[in-house]
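I have placed the structure first, in the form of structure tokens, so that the comments after it can refer back to it.
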Amino acid sequence: MTTNDNYIELLLARMTLREKVGQMTQVSGATEDHLALVKKGLVGSLLNVVDPVLVNEYQRASVEETRLGIPLLVGRDVIHGFRTIFPIPLGLAASWNLPLVEKAARVAAREASAVGVRWTFSPMVDICRDPRWGRIAEGAGEDPVLSGAIGAAMVRGYQGKDLANPESIAACAKHFVAYGATEGGRDYNTSDMSERTLRDVYLPPFKACVDVGVSTLMCGFNDLAGVPASGNAFTLRQVLRSEWKFNGFVVSDWASIGEMVIHGFCADKREAAREAALAGVDMDMMSACYLEHMESLVASGEVPLALVDASVRAILGLKYRLGLFERAQVDLSRVSEELEWESLEAARHLARESCVLLKNEGNLLPLKEDVASVAVIGPLSDSPVDQMGCWTVDGRAADVCTPLAAIRQMVSPGTRVRYVRALPEACSGETDEFDAAVRAAEASDVAILFLGESEKLTGESHCRAFLDLSGAQQALLERICETGKPVVVVLMTGRPLTIPWAVAHVPALLLAWHPGTMGGPAIADLLFGKHSPSGKLPVSIPRSVGQIPLYYNHKNTGRPAIDSVRKMPLGTPADPVGFCSSYLDAEPTPEFPFGFGLSYTSFEYSLPKVVVQGSSIRISADITNTGNRTAGEVAQLYVRDVVASVTRPVKELKGFQRVDLAAGQTKTVAFTLCPDDLAFHGRDCRLRVEPGDFQVWIAGNSQAGEAAGFTLRESMI
Ligand code: NOJ
């Protein structure tokens, strides 16, 4: 037994059942009632208190005024930064840069812990194939390998090497599980899928977080195949505890235990408390079901005391590892009003690498710093709150440097910058300023339009049935394009938008997501060529909402879409050639595929070379920078299992590497796979590796490159 275990066991032995239930209870906000509960030892965790003086007052009450002196675990949604706001998580994922993402999480941990927050409800690793869902902004997109890698990097950054370091905070992988598969992209809705898809696609990012030691998980609001996530013993006990050996704790989502009554899964809050506890939810966020009913459930034998003890052990264990028993008080000297230069630099770097260049006809970008005049137009040119994006509760608009400010700083002293906001906000329909915007564009050498989504259209409970430019933005764009001036559109959004007109008519398109505090300078760095864009899409961009769900790792079907059908004009009479998996009125392919992103230079990939040695499969390719400037490229490894006992995706990402290449330079990227990397869940839903033929690609996106192949022989498995 470690000192930790020993200490916890001794403490547990002294606790009353009521005190144990207190540890399993989380409340939000500093109120008199909550302080009174804390003093009775009936609160284990406090959420949403970020004033360090108040945190200290609550910790003092918990440590000095309760019988056993157990400190509180103070939690907060630190989703993509605390004070220094990084790009939204979908943007972080577009960088494919794991060390940078880890660094961002570390910055967030340092800032949050300075005010006494030692637990964040991040990373969100919900796979999402439906951009109507507002919460797509909070996750890493549609791919299990990329999401797992980004989630794991965030866990490492938050938790650091040692949780006891006062600058470390505990992470929480959420929302377990399949919340991102919410039907129709409507938040809180039902998810339903096969166990195989659950295991192959939705569970792996959580496993990746568990493998790097994530301290906690949060269960989702959704029901999955008829069982709410907060009462799901299959996912919480069988998969998480017994198969993965997770030994941290699970917190419910906000009131989600009580909501099992509304789901129609439990008759009342008592039954909800029982189902959640039996399923394996250790802490009740804000439904008070445990506080009100757990003692009677234990007394009646419906919930074994051993389960309560296991939950409390895990909760106390985390408090111990965080060093809270040693020191619960925040060191007020760490609190600073100033942001650190290194943090801002990290935010700028990451925002830059998260931008995806979607189109650059005639090399319109980069612009010259000494361009005579620039029109900066659009509702997101100078909109700090929108720029920070959703879930930035502790970010401050005053810290934000907007594109307008950054462009003014970056251009030569002689450059004239004409700014017209044109729309009071991105969803506004007011067109009064359009004429002024057109005049500014006409008078300038180039027009840069900042369009996209207001922050309030994204995030939790902000789902959309239409994904085109909101308000009068499309009309504005068309008016500006009519001037005949070169137009650059910078899209600042929380999700992929359907923008076919812009793709067809605008020469240069840069997708910047909601890029955070330093988004302005990061975008200016790219617009004026200080750096080349290197971001790649973590999610497919559909042409229209009707194509959703749309994702690159789909199945082939027995009748895949064929090119002749794609080219048939709308209204072509049915022809046998059309009997394939497509639409009559839309292409089946995305506007931009997963993994896509251009650069100011160009890269050429050789055909992959495969060398099989024993059980290891080495796949390599040469990448040459065929343009005339230094730039970074994210090389992606895709695999297809050609024939298997269950149908397999047409492509699956298996690895990625960032390479920096000078003009004309060639480098070799190499990946080594072992048979386990090719495993999938078979007909019995157990993980298996099957011999057979595989195709492999190393390419700059999921639709590019030529395939090589190898055979996995029985003897290699
Ligand atoms: C509800 C959200 O679903 C969850 O992601 C968040 O962490 C909690 N509220 C706490 O604010």
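In listed order, ligands and their atoms are each counted from 1.
Set against the non-hydrogen atoms of D77, the atoms of ligand 1 under 4.0 Å away are 6 (C), 7 (O), 10 (C), 11 (O). Atoms of ligand 1 lying under 4.0 Å from at least one heavy atom of M218, given by number and element, are 4 (C), 7 (O). Close contacts of ligand 1 with K174, meaning ligand atoms under 4.0 Å from a residue heavy atom, involve 4 (C), 5 (O), 6 (C), 7 (O).
Between R135 and ligand 1, at least one pair of N/O atoms sits closer than 3.5 Å. At least one N or O atom of H175, backbone or side chain, sits closer than 3.5 Å to an N or O atom of ligand 1.
Using cut-offs of 30° and 60° on the angle between ring planes, the pair F594 and W96 is tilted.
When only non-hydrogen protein atoms are considered, atom 4 (C) of ligand 1 lies nearest to D253 OD1, 3.4 Å.
Atom CZ of F234 has more than 12 heavy atoms from other residues, nucleotides or ligands within 6.0 Å.
D284 and S287 share a side-chain donor-acceptor pair at under 3.5 Å.
Between G116 and V330, the closest heavy-atom pair is CA-CG2, 3.5 Å. Taking both residues in full, the closest heavy atoms of G185 and D130 are given as N-OD2, 3.2 Å, listed atom of the first, atom of the second, then distance.
A salt bridge does not link E102 with R106: none of the charged nitrogens is closer than 4.0 Å to a carboxylate oxygen.
Between E138 and ligand 1 there is no heavy-atom distance shorter than 4.0 Å.
Residue W391 touches ligand 1 through its side chain alone, judged by heavy-atom distances below 4.0 Å.
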